[in-house]
Amino acid sequence: MSNFIENSLNTAQAQAALTTKGPVLILAGAGSGKTRVLTYRMAHIITQGDAAPHEILAVTFTNKAAREMKDRILSLLHQFEIPVYEDLWVSTFHSICVKILKSHIEYLGYDSSFTIYDDGDQLSTIKKILRHLNINDKIYPAKTFKSKINQAKILGLTPKEVAENFSSLMDEQSLLVYKTYEMEMRKSNSLDFNDLLLKTYHLFKDHPQVLEHYQNKFKYIMVDEYQDTNKVQYLLVKMLSSAHENLCVVGDEDQSIYSWRGADISNILNFEKDFNDAKTFKLEQNYRSTKNIVSAASAIIQNNTQRKDKVLFSENGDGSLITVKEEMNEYEEAKYAIKEITDLHNNRGYNYSDIAIFYRTNAQSRVLEEQLRTNHIPYKLIGGMRFYDRLEIKDIISYLKVILNPKDDNAIKRIINVPARGIGKTTVTKLEDIAQQQNITMLEACVWAAENKGVHSGTAKKLLAFNNLIQSISMESTQLSLAELYRSILDKTQYVTKLKIENTNESQARIDNLEELNNALVQFENERGEDATLQNYLEEMSLISDLDKVDSNANAVTLMTLHISKGLEFPNVFIVGLEEGLFPSFQSMEASEPEKMEEERRLAYVGMTRAKENLYLTYAKQRKIWGQEKHFMPSPFIREIPEKYTQFKGSYRRPSFVDRYNSKPRKSPSIDFDAVPSYDEERVYDPDNENGFAKGMQVKHPTFGIGAIYKVEGSGETQKVSVMFNDRNTRKFVVKYARLEIL
């Protein structure tokens, strides 16, 4: 087997696969063949007789990766005529924990027939608890409590541990909800998704005989994507491997992009400190991409400080230069991408399935989808519904449908309690019965039930208020444009206001999508003029929905966020929206913690290294934010790519813009500089005039509005200013990224 491995793998891969004793860290760069190394390593352990197949624990992060690894291992073992009599322990953390808990959860006071709650079940349970505790869900949203509870569980903390040692994580009210939630879950004999890890950890911690059983069972442990492990996963791995330390972890700190869901990059960075005698192997040869792509991505990621000393390289051909394309706005950007996709398909022999478009936020897909449909190019969205099928979009579209057609009972049923206004399922069922019995619409049934005591007085007031809301919007609809009507619905229903109160990643994503719908309506009005009526829009949207059902197995362009792209590869990749404030995001640029900016850079690295042959990076000079054009600078990640790896294409570039915002202007003599609005009169941060900000100076921020500087710290690229805004909130910014305008 040793000779087979040495002949099948490169030198670094073979050394990693053949080193089986003690702690091993394999730093596997993008496209470096880590799955191949893991499968050969596991097969080597088995063929050497060091462990039976079922005595090795191999942990992956996706079921797909687990299936692929298991199939490869079985194929190798079959090749060497090694029989496998028991199921392999190759699975995700959560699946492995379920398997363990099924056998031992009685120790924790649960029954082995426990059920697993999804996010919706978890949220419903918390809402029920809030009612029992007389906590107003409108003031204290259930999703906020859910987020805090999940954060504690990711850290491996029970309510008691939070109260005793980590009180800063929760206020008293949140802690009470957490305690009550745990009692309710136990009463229901149920576990949520994070419980699968947390309960296994406490099973091992509180019942050492169970831990000892699994320590003896698993003679070797291998963990893939180690950079994505969170605190409780780290603790589980430490506990299981502590007896023998035959632990092999594989990962790439340069691809750690999930801190927002609990991943802790320090787990992989500190592995050699956790295990002093660890052996480290670096897989630095990329087999996926061309030299230009690998070199450009490596140049970007080397600007990070949270990383190991490794350099990715490729022995493939140089390939095409990376195309950097500047466009005036997001519509022109989308048109450019579609033009290049058409060329790749029609003239260069690529299938549509060879092409992917990546973006930072889901909301960006809307303009791309419109252009793909217009040009009859099949596409599929990965990791999310199509834009017009998303919950928040369907909610507001239902309001528009009711304004156009009050007899649309399906739309009424969808929005009667959205946002929540205290009209429950029992009342909705009763309204449906009344509408049936009286032969009237559900909207009419609201008035009938209130006036004829079909419901109690409190519910009657809510039904009349809902009817009045619809009538009020309907009366306005004859005087308002389509986009104005849309914003009126958001204002009168307080839809966005309530999403802001939730203050979660999910609620912010929904607000972003609603912003994109506003942009779509404005664009529709600009293109259709007097024909931009509510009826025409709803008709066209219905046709789009019908044409949008693309077979998932069809030859289609793939659209997805950069986060979802990790682990995939395509011959041709487009990364759109490379602008400061979008990618990297405002939050990462304005944060005082440089770690957030480094994670954005890792996200760029991940996206770029998905491309095998051709890579396109695009950005828009201006983009609509709630219907208003906002100017943006190119992403700093573009500036971090050495010029020799790129070809710049820009129809709207002018020297003053380049000189102002690019520390090393590209020389593009073949480009025509068309007239664009000048940025020179804007008083923003200038690296050559860092002393332009002073205490007491009034400034304007595109997100937070007007405020006054009360503190200036440092100088140069690390200079920071603290600003007190008119809402009396104080925020600190890194000047270089803040986009503050001096008033």
Side-chain angles (χ1 to χ4, degrees), residues 9 12-13 15-17 19-20 23-46 51 53 55-76 88-97 99 197 218-238 240-241 246-258 261-271 274-275 278-284 286-288 308 310 563-569 602 606 609-610:
L9 306 178
Q13 291 174 331
Q15 289 175 344
T19 304
T20 58
V24 173
L25 169 63
I26 302 176
L27 297 171
S32 62
K34 65 182 177 65
T35 303
R36 185 177 177 86
V37 172
L38 282 174
T39 53
Y40 276 62
R41 187 177 193 274
M42 187 168 178
H44 175 62
I45 292 170
I46 295 169
E55 293 176 325
I56 302 173
L57 175 64
V59 186
T60 67
F61 266 78
T62 66
N63 291 317
K64 178 183 176 183
R67 288 191 298 268
E68 180 183 352
M69 186 181 296
K70 188 178 293 187
D71 289 344
R72 289 195 190 186
I73 292 169
L74 291 174
S75 177
L76 275 174
L88 299 177
W89 282 72
V90 180
S91 192
T92 64
F93 269 106
H94 291 87
S95 296
I96 289 165
C97 287
K99 200 170 182 178
L197 304 175
F218 300 129
K219 296 180 179 178
Y220 291 86
I221 298 174
M222 296 191 293
V223 183
D224 193 12
E225 303 287 5
Y226 193 63
Q227 78 280 350
D228 292 334
T229 51
N230 60 30
K231 179 64 178 295
V232 72
Q233 289 165 338
Y234 163 82
L235 293 171
L236 285 169
V237 170
K238 285 276 286 184
L240 284 169
S241 64
N246 290 329
L247 171 65
C248 173
V249 303
V250 184
D252 181 8
E253 77 286 355
D254 290 336
Q255 297 185 67
S256 180
I257 57 174
Y258 297 120
R261 67 183 190 193
D264 187 350
I265 193 174
S266 67
N267 291 346
I268 191 168
L269 293 176
N270 295 333
F271 184 84
D274 289 339
F275 300 90
K279 299 180 181 67
T280 301
F281 301 93
K282 299 178 183 179
L283 308 185
E284 297 172 294
N286 176 290
Y287 290 91
R288 175 188 301 147
K308 299 283 188 177
K310 67 179 187 301
H563 281 98
I564 296 174
S565 72
K566 188 167 169 292
L568 302 177
E569 60 181 40
R602 292 195 292 269
V606 166
T609 54
R610 301 310 96 196

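Along the sequence shown, residues carry numbers from 1. Not measured: the values here are computed from a predicted model.
With rounding to the nearest 0.5 angstrom, the CE atom of Met42 is 8.5 Å from the CG atom of Leu74. Separating the NZ atom in Lys310 from the OG1 atom in Thr280 is a distance of 11.5 Å, to the nearest 0.5 Å. Between the CZ atom in Arg67 and the OG atom in Ser91 there is a gap of 10.0 Å [rounded to 0.5 Å]. A distance of 5.0 Å separates CD of Glu569 from CZ of Arg288, quoted to the nearest 0.5 Å. Atom NZ of Lys308 sits about 8.5 Å away from atom NZ of Lys282, to the nearest 0.5 Å. Atom-to-atom distance recorded for Gln13:CD and Gln15:CD is 11.0 Å, nearest 0.5 angstrom.
Without hydrogens or angle criteria, Arg602 side chain to Ile257 main chain gives no donor-acceptor distance under 3.5 Å. Remark: the backbone N or O of Thr35 is paired with a side-chain donor or acceptor of Thr39 at under 3.5 angstrom.
Ala43 and Leu76 make their closest contact through CB-CD1, 4.0 Å (heavy atoms, listed as atom of the first residue, atom of the second, distance). Across every non-hydrogen atom of Ser565 and Val606, the tightest pair is OG-CG1, 4.0 Å. A pairwise comparison of heavy atoms in Gly251 and Gln227 identifies CA-OE1, 3.1 Å as the closest pair. Across all their heavy atoms, Thr19 and Val24 have their closest contact at O-CG2, 3.8 Å. The shortest heavy-atom contact between Thr20 and Asn246 is O-OD1, 4.1 Å. Of all heavy-atom pairs spanning Ser256 and Asp228, the tightest one is CA-OD1, 4.2 Å.
Between Cys97 and Leu236 there is a side-chain heavy-atom pair separated by less than 4.5 Å. Side-chain contact between Tyr220 and Ile46 is absent, with no heavy atoms from C-beta onward closer than 4.5 Å. Counting heavy atoms from C-beta outward, Val223 and Leu247 have side chains that approach closer than 4.5 Å. Side-chain contact between Arg36 and Arg72 is present, with heavy atoms from C-beta onward closer than 4.5 Å. Considering only heavy atoms from C-beta on, Val250 stays 4.5 Å or farther from Val37 through its side chain. Proximity of Phe275 to Lys238: side-chain heavy atoms (C-beta onward) are separated by under 4.5 Å at one or more points. Between Leu197 and Leu235 there is no side-chain heavy-atom pair separated by less than 4.5 Å. Side chains of Val59 and Ile96 form a contact here, defined as non-hydrogen atoms less than 4.5 Å apart.
Lys34 has no carboxylate O lying under 4.0 Å from a charged side-chain N of Asp252, or vice versa, which leaves the two without a salt bridge. Here Glu68 does not pair with Lys64 in a salt bridge; the nearest charged N to carboxylate O distance is not below 4.0 Å.
Checked against a 6.0 Å centroid threshold, the rings of Phe93 and Phe61 count as neighbours.
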Step-by-step side-chain hydrogen bond (donor to acceptor under 3.5 Å, both in side chains) determination, Gln255 to Glu253
CA-CA 5 Å; Gln255 297 185 67; Glu253 77 286 355; over 6 Å; no
Decide yes or no on side-chain contact (heavy atoms from CB on, under 4.5 Å) for Leu38 and Asp224, but give the supporting numbers first.
CA-CA 8 Å; Leu38 282 174; Asp224 193 12; 3.9 Å; yes
Step by step, work out the side-chain contact (heavy atoms from CB on, under 4.5 Å) result for Leu27 and Ile268.
CA-CA 9 Å; Leu27 297 171; Ile268 191 168; 4.1 Å; yes
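Residues forming a side chain to side chain donor-acceptor pair (under 3.5 Å) with Asn286 (at least two apart in sequence, or on another chain): none. By the salt bridge (Lys or Arg N to Asp or Glu O under 4.0 Å) test, Glu55 pairs with Lys219, sequence neighbours left out.
Heavy-atom contacts from other residues, nucleotides or ligands closer than 6.0 Å to NZ of Lys231 number 12 or fewer.
Taking the six-membered ring where tryptophan is involved, the planes of Tyr258 and His563 are tilted, since the angle between them lies from 30° to 60°.
Screening Asp264, Asn267, Asn270, Asp274 against Tyr234 for a side chain to side chain donor-acceptor pair (under 3.5 Å) leaves a single residue, Asp274.
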